Student: 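I am attaching a structure below and will ask some questions about it afterwards.
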Amino acid sequence: MGFEPPQRLVRALGEMYGDGAAAAWLDRLPTLTEQAIDAAGPDLTVERVAAPGGRSALVLLVRQADGTPAALKIAPPPAEPEQERAALAHWNGWGAVKLLEAPENDASGALLLERLHHEVSLRSLPEAKALLEAAGTVRRLWVEPPAGHPFETVAERTGRQSEGMRAAAAADPELTPLVDAALAARTELVEGSPELLLLHGNFRQSKVLSGERAPWLTVGPEPLVGERAYDLARLVRDRVEDLIASPGGPVTARRRVKKLAESLEVDQARLHGWTLFRAVESGTRALAEGRRQMGEVNLEFAGWL
């Protein structure tokens with residue numbers, strides 16, 4: 001099958017994994033795609049590549065034997081597609097895109113999913129309406145994880161991320177106050193974590209798409225288990241570029257923390273702490289990946305909190 005992966009995906013993979021590793025996986029992508037299509041069955045019809053697509057995986061728009069539209073998602077191993085598969089299987093369509101019957105003997109790690117309207121996310125709505133719909137969607141995902149689940153905890157994931165934050169502060173001492181504050185917040189939060197629920201892990205407006213089965217369904221989880229405040233913290237920072245450009249940005253950011261905490265019955269102080277940590281982690285990681293503008297935007301946001 002001849003195709004060109006969307007340039008958005010090519011750029012994003014290079015930023016996340018380095019140009020060499022990204023190029024190596026992209027070179028294998030035609031073979032992986034053929035394997036995924038073969039594993040899904042001889043009656044699967046491929047329509048086209050979803051473009052501009054996402055930043056972490058190739059998505060093919062396909063049809064099953066009975067004509068039902070579906071999507072075949074192929075992600076590199078570092079994206080841990082098996083973790084996504086496990087989370088989607090547990091949610092079973094409740095608030096999330098539905099995982100269709102998994103192809104057997106598929107070495108590509110592909111996921112066959114119900115097709116959503118990939119071009120229509122919550123970001124297409126006015127901000128207030130988008131936040132309301134997002135809150136209603138994410139609360140459905142917060143369920144008990146399956147017994148013997150394979151997911152890491154919030155403490156484990158943020159512990160790994162802390163090393164990169166310390167490295168960023170060592171390379172640029174001006175980052176030290178923000179990094180120290182974020183790490184101190186994390187230490188306090190993980191010591192007193194009140195719950196262990198299945199979380200999306202990267203929940204934001206662009207991860208909630210329009211569907212036929214339900215008005216809005218989430219996609220692209222990076223699942224882990226922990227407290228709701230951690231999951232909600234990424235949503236607080238949504239449309240951060242607009243917040244930074246607004247003269248009332250700092251006030252709006254703090255109001256958003258309060259409003260989301262109250263509407264979802266999450267402790268406001270814990271949401272504030274995780275919002276700080278996740279903004280600093282995202283900012284320092286973006287700087288390390290060469291995405292300077294995004295790094296600076298996230299760190300400026302963190303300074304408001």
Side-chain angles (χ1 to χ4, degrees), residues 16 36 39-40 50 53-60 70-104 106-116 118 121-122 133-161 193-211 213-235 238 264 266 274 278 281-282:
M16 288 187 287
R55 291 173 45 88
S56 61
L58 180 78
V59 176
L60 299 177
L72 191 63
K73 179 178 180 180
I74 306 168
E80 299 186 309
E82 289 304 316
Q83 296 281 302
E84 180 175 353
R85 183 192 301 274
L88 293 177
H90 188 60
W91 286 319
N92 193 29
W94 180 248
V97 64
K98 191 172 182 61
L99 178 70
L100 304 181
E101 186 174 355
E104 296 181 0
D106 180 12
S108 70
L111 304 176
L112 187 62
L113 309 170
E114 73 172 307
R115 191 190 299 185
L116 305 181
H118 67 276
S121 76
L122 284 182
E133 295 290 351
T137 301
V138 74
R139 71 162 70 240
R140 294 184 177 91
L141 306 180
W142 294 334
V143 297
E144 292 290 330
H149 66 79
F151 311 118
E152 65 182 345
T153 65
V154 166
E156 291 167 340
R157 181 171 297 181
T158 58
R160 289 190 293 100
Q161 293 170 334
S193 183
E195 55 198 4
L196 286 174
L197 300 175
L198 180 58
L199 309 177
H200 181 282
N202 192 22
F203 187 84
R204 56 188 192 270
Q205 293 174 29
S206 62
K207 293 287 188 179
V208 184
L209 304 182
S210 172
R213 180 173 54 84
W216 300 104
L217 294 164
T218 193
V219 298
E222 298 174 11
L224 72 170
V225 294
E227 63 172 305
R228 295 168 295 154
Y230 176 88
D231 229 11
L232 202 55
R234 177 60 184 84
L235 186 62
D238 239 327
L264 288 167
V266 170
W274 280 125
R278 296 196 68 174
E281 191 280 324
S282 292

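As the structure is a prediction and not an experimental result, all values here were calculated from the model.
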Student: How long is the span from the CG atom in L72 to the CG atom in L60, to the nearest 0.5 Å?
Tutor: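 These two atoms lie 5.5 Å from each other.
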Student: Any side-chain heavy atom of Q205 within less than 4.5 Å of one from S121?
Tutor: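 Side-chain contact under 4.5 Å: no.
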Student: Below 4.5 Å, heavy atoms only, C-beta onward: do L111 and E84 meet side chain to side chain?
Tutor: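 Yes, their side chains come closer than 4.5 Å.
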Student: Which atom pair, heavy atoms only, marks the closest approach of S56 to A75?
Tutor: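 In this case the closest contact between S56 and A75 is O-CB, 4.0 Å.
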Student: Between N202 (side chain) and P221 (backbone), is there a donor-acceptor pair under 3.5 Å?
Tutor: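 No.
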Student: Would you mind telling me which of K207, H200, R140 makes a side chain to side chain donor-acceptor pair (under 3.5 Å) with T218?
Tutor: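 The single option meeting the side chain to side chain donor-acceptor pair (under 3.5 Å) with T218 is H200.
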Student: Not counting sequence neighbours, which residues clear side-chain hydrogen bond (donor to acceptor under 3.5 Å, both in side chains) with Q161? List them please.
Tutor: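 With sequence neighbours excluded, Q161 shows a side-chain hydrogen bond (donor to acceptor under 3.5 Å, both in side chains) to no residue whatsoever.
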Student: Looking at CZ of R139 and CG of D231, how far apart are the two atoms once the value is rounded to the nearest 0.5 Å?
Tutor: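 Interatomic distance, R139 CZ to D231 CG, rounded to 0.5 Å: 13.0 Å.
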Student: Would you mind reporting whether L198 and H90 have side-chain heavy atoms less than 4.5 Å apart?
Tutor: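 In short, these two side chains touch, coming nearer than 4.5 Å.
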Student: Where do E281 and R278 land on the salt bridge (charged side-chain N to carboxylate O under 4.0 Å, His left out) test, with the steps shown first?
Tutor: CA-CA 5 Å; E281 191 280 324; R278 296 196 68 174; over 6 Å; no
Student: Could you tell me if the side chain of P145 sits less than 4.5 Å from the side chain of L196, heavy atoms only?
Tutor: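 Of all side-chain heavy-atom pairs linking P145 with L196, none is under 4.5 Å.
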Student: Looking at R204 and L235, what are the two nearest heavy atoms and their distance?
Tutor: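 The pair with the smallest heavy-atom distance is CA-CD1, 4.2 Å.
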Student: Nearest 0.5 Å, what's the CD-NE2 distance between Q83 and H149?
Tutor: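 If we round to the nearest 0.5 Å, Q83:CD and H149:NE2 are 10.0 Å apart.
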Student: Any sub-3.5 Å donor-acceptor pair from R85's side-chain atoms to A110's backbone N or O?
Tutor: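 Present.
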Student: I need the minimum non-hydrogen distance between A36 and I74, along with the two atoms involved.
Tutor: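 Where A36 meets I74 most closely, the heavy atoms are CB-CD1, 4.1 Å.
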Student: Within a strict 4.5 Å, meaning less than it, do heavy atoms of the F203 and T137 side chains meet?
Tutor: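 With C-beta onward as the side chain, the pair touches.
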Student: If every non-hydrogen atom of A96 is compared with every non-hydrogen atom of L141, which pair is closest and at what distance?
Tutor: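 Answer, listing the atom of A96 first, then L141: CB-CD2, 4.1 Å.
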Student: What I'd like to find out is whether the side chain of K98 reaches to under 4.5 Å of the side chain of N92, using heavy atoms alone.
Tutor: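 Yes, side chains in contact.
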Student: Are any of the side-chain heavy atoms of L113 and L99 separated by less than 4.5 Å?
Tutor: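 A side-chain contact exists here, since the closest heavy-atom pair is under 4.5 Å.
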Student: CH2/W91 to CG/L217 distance, rounded to the nearest 0.5 angstrom?
Tutor: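 Going from the CH2 atom of W91 to the CG atom of L217 covers 11.5 Å.
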Student: Pairing donors with acceptors under 3.5 angstrom, does anything connect the side chains of W274 and E227?
Tutor: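 Looking only at side-chain atoms, E227 and W274 do form a donor-acceptor pair, the distance falling under 3.5 Å.
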Student: What is the minimum heavy-atom distance between L224 and F151, and which atoms define it?
Tutor: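 Distance-wise, the nearest heavy atoms are CA-CB, 4.0 Å.
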Student: If we ignore hydrogens and angles and just use 3.5 Å, is the side chain of R228 paired with the main-chain N or O of L264 as donor and acceptor?
Tutor: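 Yes, because the side chain of R228 sits within donor-acceptor range (under 3.5 Å) of the backbone of L264.
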Student: Counting C-beta onward and ignoring hydrogens, is there a side-chain heavy-atom pair between K73 and V219 closer than 4.5 Å?
Tutor: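 Contact flag for K73/V219 side chains = no.
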Student: Which value, rounded to the nearest 0.5 Å, describes the distance between S206 atom OG and L122 atom CG?
Tutor: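 One gets 9.0 Å once the value is rounded to the nearest 0.5 Å.
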Student: To the nearest 0.5 Å, tell me how far L116 CG sits from H118 NE2.
Tutor: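 Nearest 0.5 Å value for the CG-NE2 distance: 10.5 Å.
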Student: Evaluate side chain to side chain contact (heavy atoms under 4.5 Å, CB included) for Y230 paired with R157, printing each intermediate quantity in order.
Tutor: CA-CA 11 Å; Y230 176 88; R157 181 171 297 181; 4.0 Å; yes
Student: What are the two closest heavy atoms between P81 and P76, and how far apart are they?
Tutor: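 Scanning both residues, the minimum pair turns out to be CD-O, 3.8 Å.
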